[in-house]
There are 2 protein chains.
Amino acid sequence: MRYSKTHKAETRTKLIETARAITKKGGFSSTGVDALMSAIGMTGGAFYSHFPSKQALFQAVIEDEIRNSSEMLAGEQNASGEQLEQCLRNYLSTFHVLHPEEGCVLPALGGEIARAEPEVRGAVEKGLRQVQKAWANRLDDPDAAWAVIAQCVGALVLSRAVETERTRKEIITSTRKAIQKSYFSQEK
Amino acid sequence: MRYSKTHKAETRTKLIETARAITKKGGFSSTGVDALMSAIGMTGGAFYSHFPSKQALFQAVIEDEIRNSSEMLAGEQNASGEQLEQCLRNYLSTFHVLHPEEGCVLPALGGEIARAEPEVRGAVEKGLRQVQKAWANRLDDPDAAWAVIAQCVGALVLSRAVETERTRKEIITSTRKAIQKSYFSQEK
DNA sequence: GTCTATATCTAGATAGAC
DNA sequence: GTCTATCTAGATATAGAC
């Protein structure tokens with residue numbers, strides 16, 4: 001055979017990996033198949049050996065994103081809550097605001113997920129529930145867990161939606177402080 | 001003249017008004033000019049008598065959205081904080097989650113705003129600052145004001161990104177409770 | 001499995017008639 | 001100011017050569 005046994009799987013993986021970054025930065029619907037394929041050094045026609053449609057890629061991208069994020073955010077939490085605080089500092093950072101391609105999928109593609117197929121939202125729901133459950137244990141409060149997740153996602157959306165560097169920073173800094181005050185200071 | 005003096009202004013207003021609802025529901029970039037014009041009973045060609053480009057419409061839509069929302073959310077706040085609580089109940093409601101076309105522009109088009117021209121984000125920033133300032137007065141805490149705005153926007157994004165009605169409701173209810181507990185219960 | 005070439009469709013935008 | 005017709009460009013997706 002002209003191509004190795006693992007070649008197809010490798011190409012598929014590389015495509016998804018690259019598409020994750022590109023579409024978080026530029027939007028999914030506004031990015032063409034040709035652009036995605038040429039980013040991995042191939043032409044548009046080859047795409048359909050890997051996915052039956054562009055929409056199928058969207059599902060694969062979101063599932064990969066969610067798997068990745070929820071493992072990172074829900075996994076390996078110790079009882080001290082220190083790792084959760086570190087998580088929040090990373091999430092609510094200027095770097096994250098300025099680099100959607102490396103960051104969480106929800107602030108970047110939340111709008112497109114809302115309009116996607118049920119399977120896509122099912123995957124998102126499953127991942128979110130994992131994170132919420134883990135954080136509920138750390139915070140000892142199921143409501144607070146959802147609220148903190150909402151704050152994180154919302155702060156990123158807001159911070160990216162404003163123009164000046166000053167306001168960008170103000171939003172994430174204030175949100176970080178407010179979470180600290182409400183959930184990490186005196187008690188617990 | 002074949003058309004009244006106010007005709008053009010009326011058409012423009014109707015176009016923006018309709019585009020606001022349609023694009024919050026279906027996304028801006030994924031909605032065509034023809035669809036927007038036929039929604040007000042006209043054909044695509046007439047669009048360019050009102051806007052030089054589709055992008056110019058986006059700016060007008062966002063500016064209108066922001067003007068509308070920030071007046072509603074920042075204006076007419078009395079000192080008791082009761083109106084703010086009513087605002088939050090409306091924002092964090094199942095109705096709002098299920099009807100993006102009538103709701104806040106940020107959860108719906110936040111991703112597209114992040115990729116838009118600086119003027120668009122400038123308008124968003126100005127409106128957000130108005131709301132933040134008003135809420136900071138009510139809450140007596142500038143950080144808390146940003147945090148509450150972030151929670152509201154984030155909760156809507158999350159709630160619309162999941163599949164089951166149960167989780168949708170859980171997210172907004174938990175967020176509402178957490179805000180109540182952190183900012184409206186004992187003190188103040 | 002990937003390429004080139006292409007079919008098909010849709011989108012944004014323009015020209016000229018009314 | 002709005003219409004129809006059209007240009008142009010870009011998109012998704014397919015066919016056949018290698």
Side-chain angles (χ1 to χ4, degrees), chain A residues 1-20 22-62 109 111-113 115-117 119-120, chain B residues 1-20 22-62 109 111-113 115-117 119-120:
Chain A
M1 59 187 71
R2 292 177 62 192
Y3 297 93
S4 71
K5 281 180 182 171
T6 57
H7 182 80
K8 182 166 182 177
E10 284 164 9
T11 302
R12 187 191 152 102
T13 303
K14 200 159 97 180
L15 171 56
I16 294 176
E17 201 75 13
T18 309
R20 284 172 56 189
I22 294 179
T23 60
K24 281 190 290 183
K25 189 170 182 67
F28 187 85
S29 71
S30 43
T31 305
V33 169
D34 278 6
L36 295 171
M37 292 305 287
S38 65
I40 59 168
M42 288 183 182
T43 56
F47 175 83
Y48 296 91
S49 297
H50 299 276
F51 292 97
S53 67
K54 197 192 172 195
Q55 178 183 278
L57 173 66
F58 186 63
Q59 189 166 339
V61 162
I62 300 298
L109 300 179
E112 299 191 68
I113 291 168
R115 295 186 289 271
E117 307 287 288
E119 297 86 47
V120 173
Chain B
M1 57 187 73
R2 291 176 61 193
Y3 297 91
S4 72
K5 281 181 182 171
T6 58
H7 181 80
K8 182 165 182 176
E10 283 164 10
T11 301
R12 186 191 153 102
T13 302
K14 202 160 96 181
L15 171 57
I16 294 177
E17 201 75 12
T18 308
R20 284 172 56 190
I22 295 179
T23 60
K24 280 190 291 184
K25 189 171 182 64
F28 187 84
S29 70
S30 43
T31 304
V33 169
D34 279 6
L36 295 171
M37 292 305 286
S38 64
I40 58 167
M42 289 183 183
T43 56
F47 175 83
Y48 296 91
S49 297
H50 299 277
F51 292 97
S53 67
K54 197 193 173 195
Q55 177 183 280
L57 173 66
F58 186 64
Q59 187 164 339
V61 162
I62 299 299
L109 300 180
E112 299 192 68
I113 291 169
R115 295 187 290 272
E117 307 288 287
E119 298 85 45
V120 173

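Naming: A, B, ... by sequence-line order, numbering from 1 per chain. The figures that follow rest on heavy atoms only: side chains count, while hydrogens, waters and symmetry mates do not. Computed from a predicted model, the values in this text were never measured in an experiment.
In terms of heavy-atom proximity, B/Phe28 sits nearest to B/Leu109 at N-CD2, 4.0 Å. In this structure, A/Ala19 and A/Val61 approach most closely via the heavy-atom pair CB-CG2, 3.9 Å.
Counting any heavy atom pair closer than 4.0 Å across all strands shown, B/Gly32 reaches sugar-phosphate atoms only and no base atom. Across all strands shown, B/Thr31 has heavy atoms under 4.0 Å from sugar-phosphate atoms exclusively, and none from any base. Using a 4.0 Å heavy-atom cutoff across all strands shown, B/Ser30 reaches no nucleic acid atom at all.
Rounded to a whole Å, the CZ atom of A/Phe47 is 14 Å from the C1' atom of D/dT14. Atom-to-atom, CD1 of A/Ile40 to C1' of C/dT2 comes out at 11 Å; the value is rounded to the nearest Å. Rounding to whole angstrom units, NE2 of residue B/His50 and C1' of D/dG1 are separated by 7 Å. Residue B/Lys54 contributes atom NZ, which lies 4 Å from atom P of C/dG12 at whole-angstrom precision. In this structure, CG of A/Leu57 is placed 13 Å from C1' of D/dT12, rounded to the nearest angstrom. Straight-line distance from the CE atom of A/Met42 to the P atom of C/dC3: 6 Å, rounded to whole Å. As rounded to whole Å, 14 Å separates atom C1' of D/dA13 from atom CD of A/Gln55. Rounded to an integer number of Å, the gap from A/Leu36 CG to D/dG10 P is 16 Å.
In this structure, A/Thr43 does not reach the C/dT2 phosphate: none of its side-chain N or O atoms is under 4.0 Å from OP1 or OP2. Side-chain nitrogen and oxygen atoms of B/Tyr48 include none within less than 4.0 Å of the OP1 or OP2 phosphate oxygen of C/dT14. Side-chain N/O atoms of A/Ser53 include none lying less than 4.0 angstrom from OP1 or OP2 on D/dT12.
With a 6.0 Å radius and a threshold of 12 heavy atoms from other residues, nucleotides or ligands, A/Glu119 has its CD atom above the threshold.
Rounded to the nearest 0.5 angstrom, A/Arg115 CZ and B/Ser30 OG are separated by 5.0 Å.
Mapping B/Lys8 and B/Gly44 onto DNA chain D by nearest heavy atom places B/Lys8 closer to the 5' end of the strand.
Looking at the side chain of B/Tyr3, the nearest of the listed nucleotides C/dT2, D/dT12, D/dG1 is D/dG1.
Taking 4.0 Å as the cut-off between side-chain N and carboxylate O, B/Glu17 and B/Arg20 count as a salt-bridged pair.
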